[in-house]
Amino acid sequence: MSDLAIFGGEPAVREAVEMAWPIVSDGDVARVAEAARRGEISYDASEGMVAELEDVFESRLGRPYALATSSGTAALHSSFFGIGLAPGDEVLAPTYTYLATVMPIVACNATPVLVDAEPDTGNIDLDDAERHITSRTRAMVVTHLSGHPVDMERALRFARRHDLKVVEDCSQAHGAVSSGAEVGTRGDVAAFSLQGRKLVAAGEGGILVTSDTTIYERAVMLGHFAARSELEVSTPHLVPFAKLGYGLNYRMHPLGAALAIGQMERLDQHLEWRAGNFSAYDDILRDIAGLDPAPRQDHVSRHGCYSYQPLYDPAEWGGLPRSAFIDALRAEGVPATVPTSLPLHREPFFSCAETGITTYSVDPGRRLYRAGDLPRSEGYVRSAWRLPAYPRPLSTQMLTGLAEAFRKIAAGAEQLRRHTHATAA
């Protein structure tokens with residue numbers, strides 16, 4: 001067995017792999033260029049490339065309404081506004097998620113109530129959600145984290161039992177399937193991000209989808225005033241206010257929509273390529289003690305393959321810190337990383353009485369959290385790590401190198417432990 005690269009040996013992985021994302025085709029470039037030449041660089045309503053992208057989402061998800069927005073965050077804000085949140089309303093939300101899942105709730109003058117995470121996926125723990133229900137609870141938002149869908153059948157049973165609206169954050173899970181249904185098809189409303197790292201990339205952009213006319217029309221009025229809201233708002237009590245709307249401009253840039261159309265056309269191919277890489281990772285990690293492959297719960301018909309996040313158990317490695325394990329992997333040429341974001345309940349906004357935010361009506365009676373209040377999320381952050389979701393199928397040579405890297409590190413674990421303890425001393 002070769003010496004570990006971190007101690008001067010030859011790295012196991014020597015092949016350079018193209019990591020650039022998104023994959024932009026000649027057809028994508030032509031579509032964007034043609035729109036620009038025609039002068040289609042802004043729209044007032046659902047027209048041109050924006051309308052075409054919305055039609056693609058409606059058709060794929062079988063929902064009558066799709067609304068293109070300037071970002072996934074704007075789509076989430078529009079979703080929460082669409083369901084009619086009012087001051088004092090509480091929304092159950094995962095503590096382990098990107099801030100954009102939760103902070104738009106505050107922008108609607110409602111109160112996010114954070115829920116612990118599943119220890120294997122990091123997704124919202126529906127068992128823990130039960131204890132956070134109060135007379136003020138009106139809705140729940142779920143994030144399909146890293147492409148692993150939440151069990152939507154369970155989520156909907158829970159929501160129906162408590163008469164809650166369900167918002168799906170599908171930003172990391174385009175094309176993922178839970179119990180035979182794609183994410184974005186079961187909640188009252190769903191939001192997708194089209195940011196540049198997402199499986200459907202527009203550079204910047206988002207999509208809201210729903211089957212509820214009132215949710216849709218309120219979302220249109222929030223960020224698509226004048227032309228579009230006047231054309232599309234028909235609910236009697238909203239019509240008098242349709243022209244003025246609510247004054248925000250959440251319209252999507254047409255050239256971003258033009259780029260995203262091509263990405264949607266190739267979504268299933270990209271998912272297939274990434275799924276093959278994820279399966280190969282599973283095979284490599286499965287027989288190494290202390291490394292649990294990225295989870296795949298029984299309800300998952302298809303993973304969204306946004307990020308491959310296995311789990312590390314330091315006890316199985318004789319107490320070797322995760323950081324030392326990752327450093328050794330990187331020295332072998334494996335671009336492994338660890339999560340860098342804390343669960344939201346560890347952020348000052350959720351743990352300090354003074355938020356510094358005066359723009360919105362922050363609930364003075366909201367719960368303030370401390371370290372350890374939602375322990376499974378904190379444990380997940382300590383144990384999760386990442387392997388890259390390469391955009392194209394990995395070569396046999398690359399997979400052989402990856403497998404060798406893990407074998408070398410497992411065999412050299414004692415040497416790593418001695419070095420780590422000596423350095424710490």
Side-chain angles (χ1 to χ4, degrees), residues 1-24 146-147 172 196-199 270-296 303-314 316-341 381-424:
M1 184 69 67
S2 302
D3 290 335
L4 292 172
I6 200 168
F7 299 131
E10 285 294 319
V13 178
R14 302 177 181 88
E15 180 183 358
V17 177
E18 178 59 54
M19 296 281 285
W21 183 264
I23 299 172
V24 179
S146 302
Q172 298 184 1
R197 290 187 294 273
K198 304 304 190 293
L199 264 291
H270 292 158
L271 284 168
E272 182 180 337
W273 287 345
R274 290 185 179 217
N277 293 338
F278 281 22
S279 178
Y281 286 158
D282 289 345
D283 291 341
I284 291 170
L285 299 183
R286 191 171 286 118
D287 296 327
I288 300 178
L291 301 182
D292 290 332
R296 182 71 62 90
H303 197 281
C305 296
Y306 179 73
S307 177
Y308 187 89
Q309 297 204 167
L311 302 176
Y312 177 76
D313 183 356
E316 292 282 350
W317 288 70
L320 181 71
R322 182 184 59 176
S323 59
F325 167 73
I326 295 295
D327 287 345
L329 270 181
R330 294 183 68 83
E332 297 294 342
V334 181
T337 57
V338 297
T340 56
S341 298
V381 171
R382 288 192 298 268
S383 63
W385 54 289
R386 296 189 184 114
L387 289 171
Y390 290 103
R392 296 183 187 275
L394 294 172
S395 68
T396 300
Q397 178 182 349
M398 180 65 177
L399 292 173
T400 299
L402 288 169
E404 181 187 353
F406 283 97
R407 287 195 298 269
K408 284 177 65 177
I409 293 169
E414 179 58 33
Q415 185 184 9
L416 279 171
R417 284 194 296 273
R418 289 197 303 269
H419 175 76
T420 301
H421 292 155
T423 302

> Should the pair Tyr281 and Tyr390 be assigned to parallel (<30°), tilted (30 to 60°) or perpendicular (>60°) ring geometry?
Replying inline: tilted

> How are the rings of His270 and Trp273 set relative to one another: parallel (under 30°), tilted (30 to 60°) or perpendicular (over 60°)?
Replying inline: tilted

>> For Arg14, is the CZ atom crowded, meaning more than 12 foreign heavy atoms sit under 6.0 Å from it?
In response: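 Counting other residues, nucleotides and ligands, CZ of Arg14 exceeds 12 neighbours.
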
> Could you go step by step and tell me if Thr400 and Glu404 meet the side chain to side chain contact (heavy atoms under 4.5 Å, CB included) rule?
Replying inline: CA-CA 6 Å; Thr400 299; Glu404 181 187 353; 5.6 Å; no

Is any side-chain heavy atom of [X] closer than 4.5 Å to a side-chain heavy atom of [Y]?
X: Arg322; Y: Trp317; value: no
X: Phe325; Y: Thr420; value: no
X: Ile6; Y: Leu416; value: yes
X: Pro339; Y: Arg386; value: yes
X: Leu271; Y: His303; value: no

> Who passes side-chain contact (heavy atoms from CB on, under 4.5 Å) against Ser341, sequence neighbours left out?
Replying inline: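 Residues passing side-chain contact (heavy atoms from CB on, under 4.5 Å) with Ser341: none at all.
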
Interatomic spacing from [atom1] in [X] to [atom2] in [Y] - rounded to 0.5 Å:
X: Glu10; Y: Leu4; atom1: CD; atom2: CG; answer: 13.0 Å
X: Asp292; Y: Leu285; atom1: CG; atom2: CG; answer: 9.0 Å
X: Asp282; Y: Asp287; atom1: CG; atom2: CG; answer: 11.5 Å
X: Gln309; Y: Phe278; atom1: CD; atom2: CZ; answer: 9.0 Å
X: Leu399; Y: Asp283; atom1: CG; atom2: CG; answer: 9.5 Å
X: Tyr308; Y: Ser279; atom1: OH; atom2: OG; answer: 8.5 Å

>> Assess whether a salt bridge exists between Glu414 and Arg417, defined as any Lys/Arg side-chain N lying under 4.0 Å from an Asp/Glu carboxylate O.
In response: yes

>> Could you report the tightest heavy-atom contact between Pro388 and Met19, atom names first, then the distance?
In response: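 It is CB-CE, 3.6 Å.
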
> Under the criterion side-chain contact (heavy atoms from CB on, under 4.5 Å), which of Val334, Ile284, Asn277 is the partner of Leu387?
Replying inline: Val334

>> For Trp385 and Leu329: C-alpha separation, side-chain torsions, deciding distance, then whether side chain to side chain contact (heavy atoms under 4.5 Å, CB included) applies.
In response: CA-CA 11 Å; Trp385 54 289; Leu329 270 181; 3.7 Å; yes

